[in-house]
Protein chains: 2
Amino acid sequence: MYRRGALIRPERDRGSEAYVVNSGWLFSFILLGDGSRQILRLHLPGDMVGLSCSAFSDAAETLMAVTDVRVIPIDRNALIEMFMEYPRLGAALFLLTQAEQVSLGDRLASIGRTTAKSRVAALLIDTVVRLRQTNSEIGSSFVFPLTQEEIGDATGLTAVHVNRMFRVLVREGLIARNSNQLSILDEPRLTAVASYVNRYVEFDGSILPPSSRG
Amino acid sequence: MYRRGALIRPERDRGSEAYVVNSGWLFSFILLGDGSRQILRLHLPGDMVGLSCSAFSDAAETLMAVTDVRVIPIDRNALIEMFMEYPRLGAALFLLTQAEQVSLGDRLASIGRTTAKSRVAALLIDTVVRLRQTNSEIGSSFVFPLTQEEIGDATGLTAVHVNRMFRVLVREGLIARNSNQLSILDEPRLTAVASYVNRYVEFDGSILPPSSRG
DNA sequence: CGACGGCTTGAGAATACTCAATATCGGTGG
DNA sequence: CCACCGATATTGAGTATTCTCAAGCCGTCG
């Protein structure tokens with residue numbers, strides 16, 4: 001178990017592993033030369049994280065706990081063995097990874113080509129959509145534990161400007177806030193503001209051959 | 001063979017395929033609701049492109065030829081069969097994909113957390129480093145066929161501002177230009193300006209088990 | 001030659017940042 | 001229980017970066 005704020009895997013750690021998130025939230029980030037931080041992705045329960053380390057001798061990114069978090073380590077050699085022994089599983093993992101890559105691309109577009117307000121909206125919508133994937137009870141209200149500083153590092157903004165965009169979203173009746181509790185009041189409009197495309201509805205595993213065990 | 005500017009795979013094309021770039025350059029991009037474009041990645045000879053379509057029934061991104069380009073199609077069903085029949089190849093492809101994901105993450109950090117000048121510098125450095133991977137004869141001078149509009153779409157800037165940043169880089173003695181020909185005059189300094197980390201030097205395929213054919 | 005796409009430059013506007021001060025909130029020690 | 005502390009959130013004022021609009025230039029192609 002890692003406490004909020006703990007580094008789960010320091011950048012440049014040799015022989016590092018991948019994990020499955022058991023409970024809690026964490027994020028991956030990289031540091032730039034000037035000390036600024038870019039959060040690459042928020043990882044929610046059920047996600048696999050840190051796979052990219054499998055391609056490099058050193059971990060390319062750091063993992064930090066957003067809330068108290070439990071993770072299950074996956075040995076990287078075991079991962080490769082899995083590819084050899086259970087190729088269908090390997091193929092499935094490959095597809096999953098491709099889906100993550102598409103998601104990263106969407107984020108790139110959000111940060112590169114949309115306004116601050118839109119980026120914040122996109123982060124919120126994407127988070128709630130992903131939460132619903134593993135917890136169908138999530139409605140339009142959920143706990144969002146990131147600080148505004150962290151939201152800024154995820155969206156390429158400063159904490160101050162994140163704060164202003166939040167209040168704009170509130171003023172326009174798109175969301176409501178109460179400490180960590182966040183409510184989406186007008187999801188269609190928030191989705192539009194965010195230029196958000198929900199690709200999870202189109203994930204296509206049908207390409208995989210049927211399991212040999214039927 | 002596709003001509004410069006041709007769409008190699010229109011977004012939303014069903015049953016689309018992946019490709020290997022044989023000759024020429026192309027890029028992948030996505031369009032946002034307001035018509036703006038984000039270029040996700042430049043694809044050079046030897047690259048695999050369009051793999052992400054394997055996870056979705058519809059292609060998530062569009063491919064466009066930057067120069068005249070030759071590509072070799074890869075059927076997506078054949079790709080999955082490869083995973084089943086040649087798991088070691090599948091694992092290798094998986095690692096390659098992870099490496100691309102790290103690269104995407106670096107670009108996210110560049111666009112989210114660095115200045116316009118830095119982003120343009122990063123695009124140039126990254127391109128020359130990748131060119132050298134498959135063509136060791138590339139020195140510090142090479143043909144860079146993107147228009148400033150396209151560079152803007154790749155870096156999250158406007159064409160006008162890309163132009164200004166180019167002239168700053170020239171004025172500071174970091175690069176020189178002559179129509180499409182681009183020369184890097186001071187690579188260490190340009191690398192520093194770009195906050196660029198060359199991760200290609202650390203790619204680690206050693207994790208793969210030795211080939212069964214020795 | 002004329003049209004067109006791409007490049008260059010200027011001026012003004014908009015967006016987002018920095019710095020700084022104040023407020024709030026949860027937790028801690030007395 | 002209360003005062004205090006650090007971390008986070010909020011707000012204002014001024015600044016910087018980047019964008020938009022607009023005009024002119026340059027080279028290529030038909």
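Worth saying up front: this structure is predicted, and the values here are computed from it rather than measured. Just so we're on the same page: letters track the sequence lines, and every chain starts at 1.
The only option from Asp106(B), Thr191(B), Asp126(B) that meets the side-chain hydrogen bond (donor to acceptor under 3.5 Å, both in side chains) definition with Tyr196(B) turns out to be Asp126(B). In summary, of the residues considered (Gln38(A), Arg41(A), His43(A)), a side-chain hydrogen bond (donor to acceptor under 3.5 Å, both in side chains) with Ser28(A) occurs for His43(A) alone.
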For nucleotides 25-30 of chain D, give me one character per nucleotide, 5' to 3': B if any protein heavy atom sits under 4.0 Å from the base, S if the only such contacts are to the sugar-phosphate, - if neither. ------

Protein-proximity profile, nucleotides 7-23 of chain C, B/S/- by nucleotide at the 4.0 Å heavy-atom cutoff, equals SSBBB----BBBB----

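Distance, Leu169(A) CG to dA9(D) P: 15 Å, rounded to whole Å. The CZ-P distance, from Arg4(A) to dA7(D), rounds to 12 Å in whole Å. One interatomic measurement links the two molecules: CD of Gln181(A) to C1' of dC25(C), which rounds to 17 Å at whole-angstrom precision. dC25(C) atom P lies 10 Å from atom CG of Asn178(A), rounded to whole Å.
To the nearest 0.5 angstrom, Asp47(B) atom CG is 5.0 Å from Arg130(B) atom CZ.
Phe144(A) is not listed as a side-chain neighbour of Leu131(A), based on a closest heavy-atom distance of 4.5 Å or more. Side-chain contact check for Asp153(A) versus Phe29(A): every heavy-atom pair is 4.5 Å or farther apart.
Panel note: side chain Arg177(B), backbone Phe166(B); no donor-acceptor pair is recorded below 3.5 Å. Asp68(B) contributes no side-chain N or O that, together with a main-chain N or O of Arg3(B), makes up a donor-acceptor pair within less than 3.5 Å. A donor-acceptor pair is defined here as one N or O able to donate and one able to accept, closer than 3.5 Å; no such pair exists between the side chain of Thr67(B) and the backbone of Gly24(B).
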